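Shown next, in structure tokens, is the structure this report addresses.
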Amino acid sequence: QGFNGQGMTVGISDTGVQFRHEALIASYRGNNNGRINHNFNWYDPHGNSRTPVDQNGHGTHCTGTAAGGAEGRKVGVAPGAKWIGCRAFSRGGRASDFVKCNQFFLAPHDLSGGNRNPDLRPHATSHSYVCRRCNLRPSIQALYAA
């Protein structure tokens, strides 16, 4: 059909993202022609890293599946989309960190946690994890409502 995600932003909640990965750097919303700005584009309630990291690799994989692509190669299902990320966990996670990522997607903020701006929220989000003892339904419902 010719749809590639152009003009859309997807939020990835996972183990983080290796944002400089060749298939991801160009589509990172925090990359403006090589000038990197993580404000409103990255949040890490799990490890408090001010730059996107992924010590597990799973989040990088999921980001590539959603919005990956390199020059001449379309990797993800929406290679024209931009992405923002939130590191909710590494090996294990806490319900509070998953909820914090959902809140970040509802109103992204700067690296200090201030200046929330719902106008910068992603159009869609990806959550590739299991949290059996978490009651995430209220925060997921808030994402749907937005």
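From a predicted model like this one, the values you see are computed outputs, not experimental measurements. Only this structure's heavy atoms are used, side chains among them; waters, hydrogens and symmetry mates stay out.
Between the Lys82 side chain and the Gly30 main chain, no donor and acceptor come within less than 3.5 Å of each other. Looking at Thr65, its side chain never comes within 3.5 Å of a backbone N or O of Gly76 through a donor-acceptor pair. In terms of modelled atom types and a separation under 3.5 Å, the side chain of Asn41 and the main chain of Asn37 share a donor-acceptor contact. Within the 3.5 Å criterion, the main-chain N or O of Arg35 finds no donor-acceptor partner in the side chain of Asn32. Of the possible polar contacts, one joining the His123 side chain to the Thr9 backbone as a donor-acceptor pair under 3.5 Å is found. No side-chain donor-acceptor contact under 3.5 Å links Thr15 to the backbone of Asp54.
The line from OG of Ser126 to CZ of Phe105 is 8.5 Å long, rounded to the nearest 0.5 Å. The line from CG of Asn56 to CD of Gln18 is 10.0 Å long, rounded to the nearest 0.5 Å. Rounding to the nearest 0.5 angstrom, the gap separating the OG atom in Ser128 from the NE2 atom in His58 is 3.5 Å. For the atom pair CD1 of Ile84 and CZ of Phe40, the computed distance is 11.0 Å after rounding to the nearest 0.5 Å. Interatomic distance, CG of Leu143 versus CG of Leu106, reported as 4.5 Å (0.5 Å rounding).
Scanning both residues, Ala23 and Ser27, for their nearest heavy atoms gives O-OG, 4.3 Å. What you find for Gly68 and Pro79 is that their closest heavy atoms are O-CB, 3.4 Å. Across every non-hydrogen atom of Ser13 and His127, the tightest pair is CB-ND1, 3.6 Å. Contact detail for Gly5 and Ala78: the closest heavy-atom pair is CA-CB, 4.0 Å.
Between His46 and Phe98, the gap from one ring centroid to the other reaches at least 6.0 Å.
Within a 6.0 Å radius of CD in Gln141, other residues, nucleotides and ligands contribute more than 12 heavy atoms.
Under 3.5 Å, the side chains of His38 and Tyr28 contain a donor-acceptor pair of N or O atoms. No side-chain N or O of Thr63 forms a donor-acceptor pair with one of His61 less than 3.5 Å apart.
One hydrophobic cluster, built from ILVMFWY side chains closer than 4.5 Å, cannot hold both Val17 and Phe89; they sit in different ones. When hydrophobic clusters are built by joining Ile, Leu, Val, Met, Phe, Trp and Tyr residues whose side-chain heavy atoms come closer than 4.5 Å, directly or via intermediates, Ile36 is grouped together with Ile12. Transitive grouping of hydrophobic side chains (ILVMFWY, heavy atoms separated by less than 4.5 Å) keeps Trp83 and Val75 in distinct clusters. Note: the hydrophobic cluster containing Ile25 also contains Val10 (ILVMFWY, side chain heavy atoms under 4.5 Å, direct or indirect links). Under a hydrophobic clustering in which Ile, Leu, Val, Met, Phe, Trp and Tyr are joined whenever their side-chain heavy atoms come within less than 4.5 Å, directly or via other members, Leu136 and Tyr144 fall into the same cluster.
You'll find the side chain of Arg94 reaches within 4.5 Å of the side chain of Asp97, heavy atoms only. Using a 4.5 Å cut-off on side-chain heavy atoms (C-beta onward), Gln103 and Ser139 make no contact.
Ring-plane geometry between Phe104 and Tyr43 is classed as tilted, the angle between the planes lying from 30 to 60 degrees on a 0 to 90 degree scale.
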Sequence neighbours excluded and cut-off under 3.5 Å, please list the side-chain donor-acceptor pairs for residues 111-120, or say none.
residue	atom	partner	partner atom	Å
Ser112	OG	Asp110	OD1	2.7
Asn115	ND2	Asp110	OD2	2.6
Arg116	NH1	Ala107	O	3.2
Asn117	OD1	Asp119	N	2.9

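Applying the disulfide bond (SG atoms under 2.5 Å apart) test to pairs two or more places apart or on separate chains, those with a residue in residues 5-93 are Cys86-Cys101.
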